[in-house]
Number of protein chains: 2
Amino acid sequence: MISKVDTGRNGTGTLNPVEVETIHLFVQLSRALGQPPSVAEIYGLLFISPQPLPQEDFLQRLNLSKGSASQGLRYLQDLGAVRTVYQAGDRRVYYEAVAELRNLVNRFLRQQVLPYFEGSGDRLNRIAAEAKKLPADQRDLAIARVKMLKSWGTRCWVWCIPARFITC
Amino acid sequence: MISKVDTGRNGTGTLNPVEVETIHLFVQLSRALGQPPSVAEIYGLLFISPQPLPQEDFLQRLNLSKGSASQGLRYLQDLGAVRTVYQAGDRRVYYEAVAELRNLVNRFLRQQVLPYFEGSGDRLNRIAAEAKKLPADQRDLAIARVKMLKSWGTRCWVWCIPARFITC
DNA sequence: CAAATCGCTCATTTTTTATTGAACTCACTG
DNA sequence: CAGTGAGTTCAATAAAAAATGAGCGATTTG
């Protein structure tokens with residue numbers, strides 16, 4: 001991946017130095033955040049592209065397989081990091097990056113993190129119930145910790161997601 | 001891992017239900033954040049423990065290997081998620097969880113994320129320099145995007161890290 | 001309607017990551 | 001100073017994750 005490089009405009013199957021470096025940055029970042037490299041490559045390329053790109057571009061310019069491109073784009077779309085654009089007279093679906101940090105962080109927290117604190121199964125409430133049954137020397141701390149975990153869930157919202165963004 | 005369960009106080013080699021559930025929650029969370037399960041298990045157990053624990057406890061109660069416990073604890077300590085406690089009359093090192101969300105997030109951002117935006121190699125400045133050489137139709141967007149990436153680095157600080165925490 | 005295009009799915013393969021445990025160091029202890 | 005316990009390191013192994021691509025179905029085109 002990220003093998004072909006040229007120095008001028010991006011002909012088919014090539015990446016210019018700015019694209020290479022940008023993609024590389026996203027790939028590195030993705031490691032820290034536990035995201036697959038192929039997804040980072042896709043987002044990186046879109047992030048630096050002046051115009052929307054069809055799937056084909058990812059296959060050719062990033063040397064991705066059809067599967068990776070398809071799944072990666074879907075994942076990014078679900079995450080709200082990418083949106084589709086319809087191009088007149090072209091059957092293919094074009095993609096463009098949604099390049100707003102706040103938006104990205106919000107959605108990441110909402111979709112990947114919050115569920116564990118507010119899962120429909122209400123795991124935290126179950127833990128709290130169990131905690132009350134513990135022997136005295138463990139109970140107090142356990143109850144306090146569970147309360148703390150609940151507050152973490154709440155804090156995610158308060159912290160990063162201004163009211164105008166809460167639409168779901 | 002997380003195999004032995006009992007319902008009373010935690011004898012050697014066992015985990016009570018609250019511990020199991022808490023650990024499980026952290027293990028799940030760790031997936032979303034790209035952290036190894038063994039690290040999550042260690043942190044989860046410490047998080048819910050009323051008193052500091054020595055390495056031995058992780059070997060026995062979580063069934064971890066010496067290597068995992070040692071490396072995991074070190075990793076958590078480097079991250080500032082765990083601190084050591086000295087226990088009178090015991091040669092072993094005891095650990096306790098640092099359970100402050102802000103602290104954890106700060107350190108994670110500072111250590112795992114920020115470096116890519118402010119690396120000593122100044123990757124972003126190199127990208128910016130390259131961007132200026134691009135043909136007109138790509139240059140403007142590229143320059144804007146690089147500026148945006150720089151602002152992301154800055155935003156990390158402004159966002160989550162009140163001045164009183166910046167001590168390094 | 002046959003042929004071509006686009007893109008998805010998912011079983012398999014490849015690659016990466018995490019875990020293990022034997023061998024070691026260091027510091028105490030009797 | 002031999003023996004023991006705590007803890008680390010790191011090469012080997014096991015486990016998990018990511019990537020691949022053949023095989024589909026759906027849609028368009030001539």
Side-chain angles (χ1 to χ4, degrees), chain A residues 1-3 12 23-24 26-46 52-79 82-95 112, chain B residues 1-3 12 23-24 26-46 52-79 82-95 112:
Chain A
M1 315 92 186
I2 313 184
S3 50
T12 310
I23 290 167
H24 192 227
F26 279 102
V27 169
Q28 285 185 130
L29 249 182
S30 75
R31 293 213 151 182
L33 301 174
Q35 247 46 45
S38 65
V39 166
E41 289 175 16
I42 293 170
Y43 186 77
L45 179 54
L46 278 179
L53 305 176
Q55 241 193 59
E56 196 184 17
D57 275 43
F58 303 103
L59 305 191
Q60 297 189 348
R61 302 177 65 197
L62 298 174
N63 272 316
L64 294 181
S65 66
K66 282 167 72 170
S68 286
S70 176
Q71 288 171 190
L73 283 165
R74 170 114 74 103
Y75 176 78
L76 286 167
Q77 196 173 4
D78 291 347
L79 206 80
V82 138
R83 74 166 70 88
T84 53
V85 173
Y86 293 96
Q87 207 87 352
D90 194 332
R91 187 142 71 88
R92 294 174 300 176
V93 176
Y94 283 71
Y95 294 86
Q112 317 282 315
Chain B
M1 319 97 184
I2 314 184
S3 51
T12 309
I23 290 167
H24 193 229
F26 279 101
V27 168
Q28 285 185 129
L29 249 182
S30 75
R31 294 211 151 180
L33 301 174
Q35 247 46 47
S38 66
V39 166
E41 288 175 16
I42 293 170
Y43 186 78
L45 179 54
L46 279 179
L53 304 176
Q55 244 195 54
E56 196 185 15
D57 275 42
F58 303 103
L59 306 191
Q60 298 189 348
R61 302 177 64 197
L62 299 174
N63 272 315
L64 294 180
S65 65
K66 279 167 77 171
S68 285
S70 175
Q71 289 170 189
L73 283 165
R74 171 115 74 102
Y75 175 79
L76 285 167
Q77 197 173 2
D78 290 349
L79 206 81
V82 138
R83 73 166 71 88
T84 54
V85 173
Y86 292 97
Q87 207 87 352
D90 194 331
R91 190 140 71 87
R92 295 174 299 175
V93 176
Y94 283 71
Y95 295 86
Q112 318 281 317

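Naming convention: chains lettered A, B, ... in sequence-line order (proteins, then strands); numbering from 1 in each chain.
Note on B:P37: only backbone sugar-phosphate atoms sit closer than 4.0 angstrom, heavy atoms only; bases stay farther off.
Atoms CG and OH, on A:L73 and A:Y95 in that order, are 5.0 Å from each other to the nearest 0.5 Å. The line from CG of A:L33 to CD of A:Q112 is 10.5 Å long, rounded to the nearest 0.5 Å.
With sequence neighbours excluded, the residues forming a side chain to side chain contact (heavy atoms under 4.5 Å, CB included) with B:R83 are B:E96, B:V98, listed by chain and number. Partners of B:E56 by side-chain hydrogen bond (donor to acceptor under 3.5 Å, both in side chains), not counting sequence neighbours, listed by chain and number: B:R92. Listed by chain and residue number, nothing satisfies the ring-ring contact (aromatic ring centres under 6.0 Å, His included) test with B:F58 (two or more places apart in sequence, or in another chain).
When side chains are defined from C-beta on, B:Y94 counts as touching B:P54, because their heavy atoms get closer than 4.5 Å. Using a 4.5 Å cut-off on side-chain heavy atoms (C-beta onward), A:V93 and A:Q55 make no contact. B:V82 has its side chain out of reach of B:I42: every pair of non-hydrogen atoms, C-beta onward, lies at least 4.5 Å apart.
Between B:L59 atom CG and D:dA6 atom P there is a gap of 10 Å when expressed in whole angstrom units. The nearest whole Å value for the distance from the CD1 atom in B:I42 to the C1' atom in C:dA18 is 12 Å. At whole-Å resolution of the value, OH in A:Y75 and P in C:dC8 are 17 Å apart. We find that CG of A:L64 is positioned 15 Å from P of C:dT15, with the value rounded to whole Å. In this structure, CG of A:D57 is placed 12 Å from P of C:dC6, rounded to the nearest angstrom. Computed from coordinates, the A:L73 CG to C:dC6 C1' distance equals 13 Å when rounded to whole Å. Between A:L76 atom CG and D:dA18 atom C1' the separation is 15 Å, expressed in whole Å. At whole-Å resolution of the value, CZ in A:F58 and C1' in D:dA19 are 17 Å apart.
For the segment residues 82-92 of chain A, the set of residues with a heavy atom within less than 4.0 Å of an atom of DNA chain D comprises A:R91, in numerical order.
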Atom pairs, N/O to N/O, protein against nucleotides 8-11 of chain D, distance under 3.5 Å?
from   : atom 1 : to    : atom 2 : distance (Å)
D:dT8  : OP2    : B:Q55 : NE2    : 2.7
D:dT8  : OP2    : B:S70 : OG     : 2.5
D:dT8  : O5'    : B:S70 : OG     : 3.3
D:dT9  : OP1    : B:R74 : NH2    : 2.9
D:dT9  : OP2    : B:R74 : NH2    : 2.2
D:dC10 : N4     : B:Q71 : OE1    : 2.8

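Pairs passing the side chain to side chain donor-acceptor pair (under 3.5 Å) check and including a residue from residues 66-79 of chain B, sequence neighbours excluded, read B:Q35-B:Y75, B:S65-B:S68.
OP1 or OP2 of C:dT19 lies within a sub-4.0 Å distance of a side-chain N or O belonging to B:S38.
Sequence order on DNA chain C of the closest nucleotides to A:Y94 and A:R31 puts A:Y94 first from the 5' end.
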